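Working notes for the structure below.
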Amino acid sequence: MQTQNKFNHNTKIVGIIGHPIKHSFSPLMHNISFELSGLNYIYLPFDVPVSSLKDALKGMIALGIKGFNVTLPLKEKILPLLKDASEEANIIGAVNTVVNEDGILRGYNTDVTGIIESLNPYKEELQGSMVTVIGAGGASRSVIYALIRNFKVEHINIVNRTEQIAESLKEYFSTKMLFTHIKSYPLVPPDLVELFQKSKLIVNTTSMGMYPDVDDSASSIPESFHKDQIVFDVVYNPVKTKLLRLAESQGAKIVTGLKMFVEQGARSYELWTGEQMQVDKVYKTLQSYFSV
Ligand code: ATR
């Protein structure tokens with residue numbers, strides 16, 4: 001019997017580079033999407049440590065790989081190795097998507113698109129508001145960029161385990177984006193109740209609450225949340241983290257990390273293929289892979 005193989009000389013290759021790479025759900029998401037749209041593409045994971053990054057980029061050009069996602073620990077390291085990067089990638093200092101345009105590698109940050117699309121339903125409410133961002137790493141930089149650039153918030157609180165890092169982020173955005181209405185705080189849960197209460201939006205950008213540590217949360221105090229709030233968690237496994245469950249039980253509107261994950265993927269997909277991802281179908285399919 002002859003084996004049927006849908007891949008052939010016309011198959012276009014995209015993928016993800018990072019180290020370690022085995023936990024990534026991006027191959028699943030993009031291959032589901034290629035299948036749904038009938039595109040002759042395949043998305044593969046490539047385990048690339050920092051020491052191999054330069055060679056990997058040369059290899060990708062030589063093999064005609066159409067583009068790729070970039071994850072830890074390469075998101076920042078790749079920036080100086082690219083020919084060109086988008087304005088947001090440069091300001092945030094991180095690239096999560098590369099497009100190979102006939103041998104020229106261009107960097108983008110589609111996490112920002114994922115954040116914007118996830119928060120867009122609340123755009124009017126967020127204008128002029130006070131927001132609190134938990135965490136001060138790469139994801140936090142993308143969130144803060146989007147909040148300043150697209151949502152015109154009035155005031156940002158950065159809450160972080162290491163307060164000094166939050167303080168540097170504050171300095172960074174006042175220099176890079178001339179946004180000075182930022183305050184930093186240490187992550188001390190009982191002290192945060194009042195700050196959370198006063199915030200229109202609370203965003204968790206840390207890995208707190210991520211499987212298997214599903215009982216972790218920046219706040220376990222119900223009084224932190226109320227019905228006039230929006231609470232967004234970038235963690236997507238589980239889809240409803242402890243933070244989101246608690247916020248929802250107090251009447252707050254919630255935004256899942258899975259929404260952001262699919263939306264950032266949709267933007268990368270569009271950059272590589274020129275086609276729209278069927279985001280609702282992909283979201284529903286992915287949901288069944290995670291504990292809700
Ligand atoms: P990413 O690119 O995903 O944002 P990162 O740059 O490593 O990842 O940043 C991780 C952020 O989550 C940091 O703000 C980190 O706090 P520190 O600056 O104190 O390291 C925060 N973080 C990670 N694990 C945490 C935990 N268990 N409790 C509190 N904060 C945590």
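Indexing begins at 1, ligand by ligand and atom by atom, following the structure's order. Everything numeric here is computed off the predicted structure, so don't read it as measured data.
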Does a side-chain heavy-atom distance below 4.5 Å link Asp47 with His19? yes
Using side chain to side chain contact (heavy atoms under 4.5 Å, CB included) as the criterion, list what pairs up with Asp55, not counting sequence neighbours. Lys58
Does the plane of the ring in Tyr236 sit parallel, tilted or perpendicular to the ring in Phe25? Use 30° and 60° as the thresholds. perpendicular
Among all the protein's non-hydrogen atoms, which is closest to atom 19 (O) of ligand 1, and how far away is it? Thr162 OG1, 2.5 Å
Here the atoms of ligand 1 under 4.0 Å from any heavy atom belonging to Gly135 are 14 (O)
Answer with yes or no whether the side chains of Glu263 and Ser118 bring together a donor and an acceptor at under 3.5 Å. no
As an exercise, identify every atom of ligand 1 less than 4.0 angstrom from a heavy atom of Ala139. 1 (P), 2 (O), 4 (O)
Using distance alone, with no hydrogens and no angle criterion, decide if Asn10 and Asn40 have a side-chain donor and acceptor under 3.5 Å apart. no
Minimum non-hydrogen distance to atom 23 (C) of ligand 1, winning option of Met210, Arg161, Lys75: Arg161
Where ligand 1 meets Ile165 - atom numbers and elements under 4.0 angstrom, heavy-atom basis: 18 (O)
Any atoms of ligand 1 less than 4.0 Å from a non-hydrogen atom of Leu187? List them with their elements. 29 (C)
Where is the nearest protein heavy atom to atom 10 (C) of ligand 1: which residue, which atom, and how far? Gly137 CA, 4.5 Å
Return the residue, atom name and 0.1 Å-rounded distance of the protein heavy atom closest to atom 16 (O) of ligand 1. Asn160 OD1, 3.3 Å
Which atoms of ligand 1 have any heavy atom of Ala136 under 4.0 Å away? 14 (O)
So if I count the atoms of ligand 1 from 1 in the order they appear, which ones are less than 4.0 Å from some heavy atom of Ser207? 23 (C), 24 (N)
Centroid separation under 6.0 Å, is that true for the rings of Tyr43 and Phe34? no
Return a yes/no value: protein heavy atom under 4.0 Å from atom 7 (O) of ligand 1? no
What are the atoms of ligand 1, with element, lying closer than 4.0 Å to any heavy atom of Gly138? 1 (P), 2 (O), 4 (O), 6 (O)
With distance as the sole criterion, is a donor-acceptor pair present between the side chains of Thr132 and Tyr185 under 3.5 Å? no
Heavy atoms of other groups near Lys253 NZ, more than 12 under 6.0 Å: yes
Min N/O separation Thr206 to ligand 1 under 3.5 Å: no
Of all the atoms in ligand 1, which lie at a distance below 4.0 Å from a heavy atom belonging to Met208? 26 (C), 27 (N), 28 (N), 29 (C)
Establish, from distance only, whether the side-chain atoms of Asn160 and Thr162 form a donor-acceptor pair under 3.5 Å. no
